Participant: 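This is the structure I have questions about; it appears just below.
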Number of protein chains: 2
Amino acid sequence: MTVRAQRLPATARRAQLIDVARVVFAKRGYEAASLEEIASKAKVSRPVLYEHFGGKEGLYAVVIDREMEYLVRRMAESIATGAPRERMEQAALAFLVYVRDQPDGFAILTHDAPMSSSGGTMSSLLNDVAERVGDVFASAFKDAGYDPKTAPIYAHALVGMVTFVGQWWTDVRKPPVEEVASHISALAWMGLRRLPKKPARLPAKKA
Amino acid sequence: MTVRAQRLPATARRAQLIDVARVVFAKRGYEAASLEEIASKAKVSRPVLYEHFGGKEGLYAVVIDREMEYLVRRMAESIATGAPRERMEQAALAFLVYVRDQPDGFAILTHDAPMSSSGGTMSSLLNDVAERVGDVFASAFKDAGYDPKTAPIYAHALVGMVTFVGQWWTDVRKPPVEEVASHISALAWMGLRRLPKKPARLPAKKA
DNA sequence: CGTGTAACTTACGGTTGTGTAGGTACGCGT
DNA sequence: ACGCGTACCTACACAACCGTAAGTTACACG
């Protein structure tokens, strides 16, 4: 017989459950994750989850929402100021810092999302991020005389770069993200043709 | 009562089952796919699947193996000859042609892979591709005086670019892959700084 | 010190999916 | 036409989940 759970106020319990669910969804992905496991890791019985979130989809939605919110805010802050090249490097760095400091959150974003219950296609969460980047590019392209219709290509290319490198870095955890970010932005900015031997590190940005 | 399945020789049935499984795994991902659905789509009862592949993991393993084999062969052929810049564009093009012509196969590679049954981590299939690219880069970097330890960064960055753009292209299906490939390789080679207004198309390569 | 309500639980029903045991029919070779 | 093996099926045992109903404990407040 499992010991009775410690009684918590609703909001506190809710917060704890979200934290636990984050970890489980990160490790297993949506499909393979079970409410059973989440409940047991939270030292609580399953109906509590239904009480708070209505079911698996509801819980997942809350977790996703929080994570996207967090990431997008961080990215937006990081690219608010500076010259184009600096913004790009800052964006890459912000993303990689997220990968480093919130590995569970990052894992969730890279896992398969559940089907939209009406049977639609499987959609990558990071597509939303890429689309926002695409908007930025589209207007910049317009000003600079490039074809704005090609903007999504470049936007997705850049998001794909950092995402995939981030996944690799998660395994290796070396070198430090600042160095990785400078390599990535060097590649994106200079191209392979004029790759600097050792990309310069960004000066620390003051908060 | 479902009609009795048409009797097929083992090898033919096996081939058909792999084809059907490919489609189902592509649409659902490993976890959400069920042998039930595969069997029914193949107009066959479930035990037939066990007869041929031993179980879900076995079937999945066969499908994956075929797909990786196919993709890697295509990529290897495409980068066999030419100057560095051309090879890169050819590689990107080959990948995107695969995305276009084998959408199911590509979907499978981008979906979550099942856990290695001993409880390991979820591994992206495309990591293997990136690692091969990494080897190419490592030796090239050594010759050119770059730090070979940074090669994986660039390899993963490039694979991530085409993968993510490929996923986007799957939704939009426009512009033609040849144009997308030339944009991508222009970005990777020239960098954002010196982006050409309209990247030149590659001359058709003779088989 | 009761009493009501918020927080949690045990218990059940139903569905879906994996894997296996044992039986049936098709059609080829002779 | 008659085996006989290959191909295939029905049926079952079992486990994992999801979701819900109904009951139980603890704490706050009059």
Side-chain angles (χ1 to χ4, degrees), chain A residues 1-21 23-25 27-63 111-119, chain B residues 1-21 23-25 27-63 111-119:
Chain A
M1 174 127 346
T2 51
V3 272
R4 201 93 185 164
Q6 182 190 179
R7 229 179 145 87
L8 284 186
T11 70
R13 181 63 77 194
R14 193 182 143 92
Q16 180 220 6
L17 291 176
I18 293 175
D19 274 9
V20 173
V23 175
V24 173
F25 280 133
K27 177 142 66 182
R28 309 255 186 236
Y30 177 81
E31 296 289 348
S34 79
L35 298 187
E36 197 83 31
E37 181 177 359
I38 295 171
S40 102
K41 282 223 168 80
K43 308 247 187 206
V44 150
S45 68
R46 247 175 342 102
V48 176
L49 290 171
Y50 291 91
E51 195 69 31
H52 281 285
F53 307 103
K56 197 180 184 181
E57 288 212 12
L59 176 53
Y60 181 77
V62 171
V63 171
H111 283 330
D112 286 343
M115 300 261 192
S116 60
S117 42
S118 62
Chain B
M1 176 127 344
T2 52
V3 273
R4 200 97 183 156
Q6 183 190 171
R7 229 179 142 86
L8 285 186
T11 71
R13 181 62 77 193
R14 192 183 144 92
Q16 179 220 6
L17 291 176
I18 293 175
D19 274 9
V20 174
V23 176
V24 174
F25 280 134
K27 178 142 66 184
R28 309 250 186 240
Y30 177 81
E31 295 290 346
S34 77
L35 298 187
E36 197 83 32
E37 181 177 0
I38 295 171
S40 104
K41 282 222 168 83
K43 309 246 188 209
V44 150
S45 69
R46 248 173 341 98
V48 177
L49 290 172
Y50 290 91
E51 196 68 31
H52 281 284
F53 307 102
K56 196 180 187 182
E57 287 212 12
L59 176 53
Y60 181 78
V62 171
V63 171
H111 283 335
D112 285 343
M115 300 260 191
S116 60
S117 39
S118 61

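First the proteins, then the strands, lettered A, B, ... as listed; each starts at 1. Fair warning: this is a prediction, and the values are worked out from it, not measured in the lab.
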Participant: Calculate the interatomic distance between B:Lys56 atom NZ and C:dT16 atom C1'; express it in whole Å.
Facilitator: 11 Å

Participant: Base, sugar-phosphate or nothing for B:Gln6? Non-hydrogen atoms, less than 4.0 Å.
Facilitator: sugar-phosphate

Participant: Give, for atom CD of A:Gln6 and atom CZ of A:Arg13, the distance between the pair rounded to the nearest 0.5 Å.
Facilitator: 7.0 Å

Participant: From OH of A:Tyr50 over to P of D:dA21, roughly how many Å is that when rounded to an integer?
Facilitator: 13 Å

Participant: Whole Å only: how far is the NE2 atom of B:His52 from the P atom of C:dT18?
Facilitator: 17 Å

Participant: Could you say whether B:Pro47 or B:Ala10 is positioned toward the 5' end of DNA chain D, judged by the nucleotide with the nearest heavy atom to each?
Facilitator: B:Ala10

Participant: Let me confirm one number: the OG-NZ distance from B:Ser34 to B:Lys56, rounded to the nearest 0.5 Å.
Facilitator: 7.0 Å

Participant: To the nearest Å, give me how far apart CD (B:Glu51) and C1' (C:dT18) are.
Facilitator: 16 Å

Participant: Of the nucleotides D:dG19, D:dC17, C:dG17, which has the atom closest to the A:Glu36 side chain?
Facilitator: D:dC17

Participant: Is it the case that C:dC26 (base atoms only) and B:Arg7 (side chain only) share a donor and an acceptor within less than 3.5 Å, ignoring hydrogens and angles?
Facilitator: yes

Participant: Quickly work out the A:Leu17 CG to C:dA7 P distance and round it to whole Å.
Facilitator: 12 Å

Participant: Measure from the side-chain heavy atoms of B:Ser34 and tell me the nearest of D:dA21, C:dT18, D:dT10.
Facilitator: C:dT18

Participant: A:Tyr60 OH to D:dC18 P: how many Å, rounded?
Facilitator: 15 Å

Participant: State whether the number of non-hydrogen atoms from other residues, nucleotides or ligands found under 6.0 Å of A:Glu31 atom CD is greater than 12.
Facilitator: yes

Participant: Mapping A:Arg46 and B:Ala33 to their closest nucleotides on DNA chain C, which lands nearer the 5' end?
Facilitator: A:Arg46

Participant: In whole Å, what is the span from the CZ atom of A:Arg14 to the C1' atom of C:dA7?
Facilitator: 16 Å

Participant: Given D:dC9, D:dA7, C:dC8, which nucleotide is nearest the side-chain atoms of B:Val44?
Facilitator: D:dC9

Participant: Using the salt bridge (charged side-chain N to carboxylate O under 4.0 Å, His left out) criterion, which residues pair with A:Glu37? Sequence neighbours excluded.
Facilitator: A:Arg28, A:Lys41

Participant: When the ring planes of B:Tyr30 and B:Phe25 are compared, do they come out parallel, tilted or perpendicular, using 30° and 60° as the limits?
Facilitator: parallel

Participant: Send over the distance from A:Gln16 CD to C:dA7 P, rounded to a whole Å.
Facilitator: 14 Å

Participant: Taking only side-chain N and O atoms of A:Arg13, does any of them lie within less than 4.0 angstrom of OP1 or OP2 on C:dC8?
Facilitator: yes

Participant: What nucleotide among D:dC8, C:dT10, D:dG19 has an atom nearest to a side-chain atom of A:Ser45?
Facilitator: C:dT10

